[in-house]
Protein chains: 2
Amino acid sequence: MQNIRKISDSTIRRLSLYYRALSNSEKDGYFTVSSQDLAKKERLTPAQVRKDLSFFGSFGTRGLGYPVKELKEKIGSILGLNRSWNVALIGVGNLGSALASYKEFQKQGFHIKLLFDNDPKKIGSSIDGIPILDIKQIGTQLKQNKIDLVIMTLPGHTAQGVAEEVVRAGVKAILNFAPVSLKVPEDVFLRNENMAIELEYLSFCLKNRNNPGKHA
Amino acid sequence: MQNIRKISDSTIRRLSLYYRALSNSEKDGYFTVSSQDLAKKERLTPAQVRKDLSFFGSFGTRGLGYPVKELKEKIGSILGLNRSWNVALIGVGNLGSALASYKEFQKQGFHIKLLFDNDPKKIGSSIDGIPILDIKQIGTQLKQNKIDLVIMTLPGHTAQGVAEEVVRAGVKAILNFAPVSLKVPEDVFLRNENMAIELEYLSFCLKNRNNPGKHA
DNA sequence: TATATATTGTGAAAAATATCACATATGCAA
DNA sequence: TTGCATATGTGATATTTTTCACAATATATA
Ligand SMILES: NC(=O)c1ccc[n+]([C@@H]2O[C@H](COP(=O)([O-])OP(=O)(O)OC[C@H]3O[C@@H](n4cnc5c(N)ncnc54)[C@H](O)[C@@H]3O)[C@@H](O)[C@H]2O)c1
Ligand SMILES: NC(=O)c1ccc[n+]([C@@H]2O[C@H](COP(=O)([O-])OP(=O)(O)OC[C@H]3O[C@@H](n4cnc5c(N)ncnc54)[C@H](O)[C@@H]3O)[C@@H](O)[C@H]2O)c1
């Protein structure tokens, strides 16, 4: 149990994995899991699991393990999944449409309330009941609807400009899918989803599969 | 310059960022960049940039910086982007379709050659000229087309079974978007793209924004 | 109640990763 | 040529993260 400031990035990311694993264990009818079980499910070590959890408290029973339902709820509450967040998505193209109609995020409390685009053919229509609004209205709409978090699925060259409007509207969290590094003020939380990184990582692995020696 | 085995995960991931930054610098007409410039663009430190690059050689000129075009090509070749990879995508739903029609990966050498689905309505059609094949043919088709890498955008509960067929067909690299932890043999490279992690991370940050103290 | 077994929680140790700091090399101007 | 300004490349150092190892505590069973 320690100061929340000091909890590492990696630990928080692993909490998401534990949350997912626990949701599955719950569905499968388990009442308790050991750190061993959790580790196996998410390809980690039992010590890692116990250490991560210990930063937030002690939730287990020695000799027995962790109560699935309780631990899931506890982690959910640490991550803020026990409440609801108002989300807007900007750029209703191929990727944006896929995300807008994806229902799993909603189940975790991320409610996509608004969609924005600058394409007249899209503005005015909706996806699964979520209206597509004109990007020009973004400032007022984000404020009016008390949007907490914005997902950006825009072309790279437009992303910085739009991000600045989003920041001006007071939004403090952005999930960016455009392949650019956005500049935002310090008090705005920004995460990037960069699919190229994973692909390129795999490329690197394949390339060096049979070449454990020095690099040319 | 050192044994390639020892190069860390994080360094490889940052190479992707440098590659992207250099591509942009090239487009913007720059001939050289300093570690300072690169660091700023990708929100890192100059020392980090120099250290990362030094694992692979010395590409810069003291007093001047790094030659943009050359360094980009060098990193591209380290990551294996100077060649072409045969890719197949399985599960042509909302997300799969978006990825299939995304042209940027192709530019980096990832050529999506085949799509697979089990929906009779989809099988036989195509996306941007890429045919959608019956999942039943996956074994023979992956081999025949010498597929190097598979992108999986399937429902979670079907992913493990399909992954096993993919592995049986000899594919050594999988990029998985399904929210499950796949079990694959040691010699198969697996990466997961887990969008929930980033969303939940932002949720955590928002939740603790005004609460730098102890966690309850 | 005693004993065997299981598994947590956590300081301490080890390993991995990032930063520092500076010697070294280059370009450029006078 | 010399001197100044600039920026790399890299050992040494600091920090962060992971793993280890075991005391503590629970259950089960006889
Ligand atoms: N499609 C993918 O699979 C994929 C994969 C990885 C990354 N990305 C990135 O995600 C982003 C979106 O990709 P996509 O394939 O969906 O592109 P897309 O072209 O299909 O969609 C972009 C959407 O943004 C809208 N738009 C453009 N400028 C705008 C503005 N100023 N304000 C509001 N809306 C605007 C367009 O009208 C369009 O609907 C891109 O940055 C892309 O690089 C996409
Ligand atoms: N849509 C998103 O924005 C999003 C975001 C994050 C993660 N994901 C994950 O990506 C995966 C795909 O999501 P989606 O929204 O595209 O789902 P989807 O239902 O639109 O698409 C799934 C596709 O897979 C096909 N399929 C099902 N079983 C199959 C099998 N055995 N063999 C071959 N094809 C099969 C279906 O016919 C369908 O075309 C899911 O695991 C989802 O959780 C999606």
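Each chain gets a letter, A, B and so on, in the order its sequence line appears, and its residues count up from 1. Remember, it's a predicted structure, so these values are computed and weren't measured experimentally.
Atom CZ of B/Phe55 is separated from atom P of C/dA16 by 13 Å (rounded to the nearest Å). What separates NZ of B/Lys40 from P of D/dA7 is a distance of 12 Å, to the nearest Å. Atom CG in A/Leu44 sits roughly 15 Å away from atom P in D/dT17 (whole-Å rounding). Rounded to an integer number of Å, the gap from A/Ile7 CD1 to D/dT16 P is 14 Å. Between A/Leu71 atom CG and C/dT7 atom C1' there is a gap of 14 Å when expressed in whole angstrom units. In this structure, B/Gln36 atom CD and D/dT6 atom C1' are separated by 11 Å, rounded to whole Å.
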Would you tabulate the pairs of protein nitrogen or oxygen atoms and nucleotide nitrogen or oxygen atoms of nucleotides 21-28 of chain D closer than 3.5 angstrom?
residue	atom	partner	partner atom	Å
D/dA21	N6	A/Arg50	NH2	3.3
D/dA24	N3	A/Arg62	NH1	2.8
D/dA26	O4'	A/Arg62	O	3.4

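Regarding contacts with the backbone of D/dT19, a side-chain N or O of A/Thr45 is found under 4.0 angstrom from either OP1 or OP2. A/Ser58 has no side-chain polar atom (N or O) that falls below the 4.0 Å cut-off from OP1 or OP2 of C/dT8. For D/dT19, one of the phosphate oxygens OP1 or OP2 lies less than 4.0 angstrom from a side-chain nitrogen or oxygen of A/Gln48.
Under 3.5 Å, the side chains of B/Asn86 and B/Lys113 contain a donor-acceptor pair of N or O atoms. Looking at A/Asp9 and B/Tyr201, their side chains do bring a donor and an acceptor atom within 3.5 Å of each other. Using modelled atom types, one finds a donor on one side chain and an acceptor on the other under 3.5 Å when comparing A/Ser34 with A/Asp37. Between A/Asp52 and A/Thr11, the side chains place a donor N or O and an acceptor N or O closer than 3.5 Å (distance only, hydrogens not considered).
Between B/Glu164 and B/Lys183 there is no salt bridge, since none of the side-chain N atoms of the basic residue sits less than 4.0 Å from a carboxylate O of the acidic one. The existence of a salt bridge linking A/Asp148 and A/Lys172 is excluded, since no basic side-chain nitrogen approaches an acidic carboxylate oxygen closer than 4.0 Å. Contact check on A/Arg20 versus A/Glu42 returns a salt bridge, with a Lys/Arg side-chain nitrogen under 4.0 Å from an Asp/Glu carboxylate oxygen.
Tested against A/Ile174 for a side chain to side chain contact (heavy atoms under 4.5 Å, CB included), the candidates A/Leu190, A/Ile90, A/Val162 yield a single pass: A/Leu190.
Shown for residues 9-33 of chain B: residues whose heavy atoms fall under 4.0 angstrom of DNA chain C, namely B/Arg14.
Of the residues near DNA chain D, B/Tyr66 and A/Asp52, the one whose nearest nucleotide (by heavy atom distance) lies more toward the 5' end is B/Tyr66.
Nearest heavy-atom pair across B/Leu22 and B/Val68 is O-CG1, 3.6 Å.
Closest to the A/Lys51 side chain, of the nucleotides D/dG9, D/dT17, D/dT19, is D/dT19.
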